[in-house]
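In what follows, a single structure is set out as structure tokens and then discussed.
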There are 2 protein chains.
Amino acid sequence: MPDEKARAAVRAQLTDYLQSRQMRKTPERFALLDRIFHLPDLFSSTDLHQAMEQDGYRVSLASVYNSLKLFVEAGLLEQRLFQGHPTRFTLSRRSAVGPLRHQMVCTVCGKIREFTDPEIDQQLLRRSYGSFTPTDPQVTVYGLCRSCKKKNRKSAPRTPRRP
Amino acid sequence: MPDEKARAAVRAQLTDYLQSRQMRKTPERFALLDRIFHLPDLFSSTDLHQAMEQDGYRVSLASVYNSLKLFVEAGLLEQRLFQGHPTRFTLSRRSAVGPLRHQMVCTVCGKIREFTDPEIDQQLLRRSYGSFTPTDPQVTVYGLCRSCKKKNRKSAPRTPRRP
DNA sequence: TTTACTGCAAATATTTTGCAATATC
DNA sequence: GATATTGCAAAATATTTGCAGTAAA
């Protein structure tokens, strides 16, 4: 199972991070981190909290927030914002070898789908940003998914209805 | 004054939009729209509300929100989200001829600076998104501005301090 | 034993909603 | 005059904070 390997690596990363800053290796932190590997790619704080509850593992929402912030600071997670959605988190791609993961978002139903585009990545990473040092380039493409586009056609007839 | 021309055009756009949907041309809506032309490129709902108050024009915050939503629906404004910032609005570039406006954000001080990149725009607009129809591609580059990078160097010495 | 961390509850920040009063059409 | 829109206050949503109790080191 390749997932297992990745999970162990990320766990080790967390251990190192905590140790190096004399922070504590609490069971909550590792339980949360483990659970993240069984969540969808882009999950919210409440997704994680509810998942823990359903597993019968009680953690306060405050601790979920604390841990998520910690994981981001430690470079294990990245944050993404999408119009009309709560903050999403995703396992960091920094360690990954592949192309960056970008997202498209349907402005009607809110559906989010990921895509990759090595060419755009090249453009993003090759160009200079002046005195600014980029660490995390993000591409978000808002638009319409197929089914919302269809629905939109039906509900927006050419002839305006009269009163 | 080229600004004046743009403002008139956008005002006309709003008038058309309202007329075509039998919505009302209230003074608040036009006052808000006008004020936006004298705000920074990326402004928040409270920026706009406070600007109105300082001009001695009383509008409720609820109306500011209503109008901003309306302006976005009418295609006059676009919304942008940045980590650690309230929602920002910006005059739509749809009508503009130039390249798309993208943003870089300093993750330490929160400073936002815009940049353009016609090559990336080409990549974004040329590629296919499958059954998904893109309307608004956004690039946000998080990183460090020069001054925060300097400060960071000072406060993160090579040798960890011992307890 | 020390103090970082958790859970809880209250606080904050941002945006939305319900509704009576008002003003556009 | 009909009703879309405003302003206000309350509600909803998402996240942060203060603090007492708990547990990792």
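Residue numbers begin at 1 in each chain, while the letters A, B, ... track the order of the sequences.
Remark: C1' of D/dT15 and CG of A/Leu48 are 15 Å apart, rounded to the nearest angstrom. One can place CD of B/Gln22 at 12 Å from P of C/dC25, the figure rounded to the nearest angstrom. Between A/His85 atom NE2 and D/dA14 atom P there is a gap of 11 Å when expressed in whole angstrom units. Summarising the geometry, the separation between CD on B/Gln19 and C1' on C/dC25 is reported as 11 Å, rounded to the nearest angstrom. For the pair A/Arg24 CZ and C/dG7 C1', the computed distance is 16 Å after rounding to whole Å. Atom CD of B/Gln83 and atom C1' of D/dT16 are 14 Å apart (whole Å). Regarding A/Leu70, its CG atom lies at a distance of 16 Å from the C1' atom of D/dT16, rounded to whole Å. As a whole-Å value, the separation of A/His49 NE2 from C/dT6 P is 13 Å.
A/Thr46 comes within 4.0 angstrom of nothing in the nucleic acid, heavy atoms only. A/Ser44 comes within contact range of no nucleotide atom at all, as no heavy-atom separation falls under 4.0 Å.
B/Arg29 contributes no side-chain N or O that forms a donor-acceptor pair with the base of D/dT5 under 3.5 Å.
Put simply, A/Ser63 has no side-chain N or O that comes within less than 4.0 Å of OP1 or OP2 on C/dC5. OP1 or OP2 of D/dT15 sits under 4.0 Å from a side-chain N or O of A/Ser45. Between B/Thr87 and C/dT15 there is a side-chain N or O to OP1 or OP2 distance below 4.0 Å. Residue B/Thr26 has no polar side-chain atom (N or O) positioned under 4.0 Å from OP1 or OP2 of D/dA4. Taking 4.0 angstrom as the limit, B/Arg21 places none of its side-chain polar atoms (N or O) nearer than this to OP1 or OP2 of C/dC25.
Between the side chains of A/Arg80 and A/Thr90, no donor-acceptor pair of N or O atoms lies under 3.5 Å. Remark: the A/Thr107 side chain and the A/Tyr142 side chain contain no N/O donor-acceptor pair separated by less than 3.5 Å. Inspection of the B/Asp47 and B/Ser44 side chains reveals an N or O donor paired with an N or O acceptor under 3.5 Å.
Taking the nucleotide of DNA chain D with the nearest heavy atom to each of A/Tyr65 and B/Asn66, the more 5' of the two is matched to B/Asn66. Residue-to-nucleotide proximity on DNA chain C shows that, of B/Lys69 and A/Ala62, the 5′-proximal contact is made by A/Ala62. Toward the 5′ end of DNA chain C lies the nearest nucleotide of B/Leu61, the other residue of the pair B/Leu61 and B/Met23 mapping further downstream.
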For salt bridge (Lys or Arg N to Asp or Glu O under 4.0 Å), just list the numbers for A/Arg88 and A/Asp41, CA-CA rounded to whole Å, side-chain angles, deciding distance to a tenth of an Å, and then say yes or no.
CA-CA 9 Å; A/Arg88 299 298 171 88; A/Asp41 247 0; over 6 Å; no
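Checked against C/dT6, C/dT14, C/dT24, the side chain of B/Pro86 finds its nearest nucleotide in C/dT14.
Using cut-offs of 30° and 60° on the angle between ring planes, the pair B/Tyr129 and A/Phe115 is perpendicular.
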